[in-house]
Amino acid sequence: MPMDMKEIIAEAAKKLLMEQNAKKLTVKDIVEECQITRQAFYYHFEDIPTLIRWVLERDIKKMLQEVQTLGNGEQRLRYFFLVAINAAPYVQKGMQSNYRDDLERLLTQYALYLFEQIVETENLYQSCTRWEVNLILRYHSQAVLGILREWTPEDTKNLDRIVHQVYLLMAGQIQPHN
C-alpha cells in the first residue's frame, strides 16, 4: 500500500533530522528530499512545528490504540516507556533543533494525556478533587519525562523494575523511602 504524502513528508523530515547535524530543519530540505514542490508541503502542513505536531499526534494515536489492548495500567506504562526509549534518538535530535520549545511542550502535553488515560482506566485518585488529580498528574508526568531525559543503558536493563516502581508511586501504593 503506498504511503500518503503526509507520511512521505514526515518520514523525510525524520530522516533528515537524524542525518543532518544542522540545528535547523528547513522546508527546502524536506521538499528536496521528497522531490515535491513547496506548495505540496504547504498543502499538507502549515509549517515545520505543525509537521512535528502531526507526527507526534499520529504516533500518540497509534500508541493509544495499542495501549487499549493491554491488560492493566502497569503494562500500559511499560509500553509508554518502550515507545519513549525507541523514540529517544529522534527526540534528542529534535531537542537540538530550533523546534526544541515546540517539541518539549508537545511531549509534555502528550505525557500528561497518557497519564490521564491510565488514571481514568485504573480509577485512581477517586477521593481527590479534579484540581488535586491535575496536580498529581503534572507531577508524575514531569517526573517520568525527567527519568526518560536521563535514561541510561543500565535503566534499560532495569526497565521492568522502574516501570513497576513508577506505577506503584502513581497508584499511591508506595511511598518513596527516606
Side-chain angles (χ1 to χ4, degrees), residues 6-7 10-11 13-15 17-19 25 49-97 99-178:
K6 278 187 163 188
E7 291 286 343
E11 289 306 311
K14 286 168 68 175
K15 178 182 177 214
L17 191 61
M18 293 308 291
E19 289 177 354
L25 179 64
T50 305
L51 166 62
I52 292 169
R53 188 175 312 107
W54 182 83
V55 169
L56 285 173
E57 287 172 354
R58 177 202 62 186
D59 291 350
I60 293 294
K61 182 178 177 183
K62 180 182 173 190
M63 183 171 45
L64 286 174
Q65 289 171 343
E66 294 282 331
V67 157
Q68 297 306 317
T69 67
L70 301 175
N72 64 35
E74 188 169 339
Q75 291 170 337
R76 293 172 181 187
L77 186 61
R78 185 178 193 285
Y79 184 79
F80 169 76
F81 269 88
L82 288 172
V83 169
I85 292 164
N86 288 326
Y90 297 103
V91 171
Q92 289 166 349
K93 284 285 190 172
M95 290 302 216
Q96 296 168 7
S97 75
Y99 304 105
R100 176 190 181 108
D101 292 342
D102 290 315
L103 184 57
E104 199 165 87
R105 185 178 62 258
L106 290 168
L107 289 171
T108 300
Q109 287 172 355
Y110 292 128
L112 187 59
Y113 178 74
L114 288 169
F115 290 133
E116 286 172 346
Q117 297 302 305
I118 290 173
V119 165
E120 188 176 307
T121 58
E122 298 284 309
N123 293 315
L124 301 175
Y125 311 121
Q126 294 297 306
S127 63
C128 295
T129 66
R130 188 73 213 149
W131 184 88
E132 291 168 333
V133 171
N134 286 335
L135 179 62
I136 292 166
L137 289 174
R138 285 174 45 209
Y139 173 81
H140 286 302
S141 62
Q142 287 300 311
V144 168
L145 288 172
I147 290 169
L148 289 167
R149 214 174 272 121
E150 303 295 325
W151 198 259
T152 67
E154 185 67 24
D155 291 332
T156 301
K157 291 177 190 171
N158 291 306
L159 174 65
D160 290 334
R161 185 175 179 200
I162 291 168
V163 168
H164 182 68
Q165 292 298 310
V166 168
Y167 178 75
L168 291 177
L169 284 167
M170 277 186 67
Q173 295 178 8
I174 65 168
Q175 301 296 321
H177 295 284
N178 289 336

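The first residue in the sequence is number 1, and the count goes up from there. Side chains included, hydrogens not; waters and symmetry mates left out as well; all remaining heavy atoms used.
- Contact of the Val166 side chain with the His140 side chain is not registered, since no non-hydrogen atoms from C-beta on lie closer than 4.5 Å.
- Rounding to the nearest 0.5 Å gives a distance of 9.0 Å between OG1 of Thr152 and NZ of Lys157.
- Looking at every heavy atom in both residues, Asp155 comes nearest to Glu150 through OD2-O, 3.9 Å.
- Looking at residues two or more places apart in sequence or on another chain, you find a side-chain contact (heavy atoms from CB on, under 4.5 Å) between Leu137 and Leu112, Phe115, Glu116, Val119, Val133.
- Contact of the Phe80 side chain with the Val163 side chain is not registered, since no non-hydrogen atoms from C-beta on lie closer than 4.5 Å.
- The side-chain contact (heavy atoms from CB on, under 4.5 Å) check on Ala84 picks up Leu148, with sequence neighbours excluded.
- Lys14 pairs by the salt bridge (Lys or Arg N to Asp or Glu O under 4.0 Å) definition with Glu11, not counting sequence neighbours.
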Full working for side-chain contact (heavy atoms from CB on, under 4.5 Å) between Leu51 and Lys6: CA-CA 9 Å; Leu51 166 62; Lys6 278 187 163 188; over 6 Å; no
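- Applying the side-chain contact (heavy atoms from CB on, under 4.5 Å) rule to Thr156 yields the partners Trp151; only residues at least two apart in sequence or on another chain are considered.
- With sequence neighbours left out, the side chain to side chain donor-acceptor pair (under 3.5 Å) criterion links Thr50 to Asp47.
- Scored by the side chain to side chain donor-acceptor pair (under 3.5 Å) test, Ser127 finds no partners at all (sequence neighbours excluded).
- Under the ring-ring contact (aromatic ring centres under 6.0 Å, His included) criterion, Tyr79 pairs with no residue at all, not counting sequence neighbours.
- Not counting sequence neighbours, Lys62 has no partner by the side-chain contact (heavy atoms from CB on, under 4.5 Å) test.
- Residue pairs that meet the salt bridge (Lys or Arg N to Asp or Glu O under 4.0 Å) test with at least one member in residues 117-138, sequence neighbours left out, do not exist here.
- Counting heavy atoms from C-beta outward, Leu159 and Leu82 have side chains that approach closer than 4.5 Å.
- Residues that satisfy the salt bridge (Lys or Arg N to Asp or Glu O under 4.0 Å) test with Arg78, not counting sequence neighbours, are Asp160.
- The minimum heavy-atom distance linking Leu77 with Tyr167 is given by the pair CD2-N, 3.6 Å.
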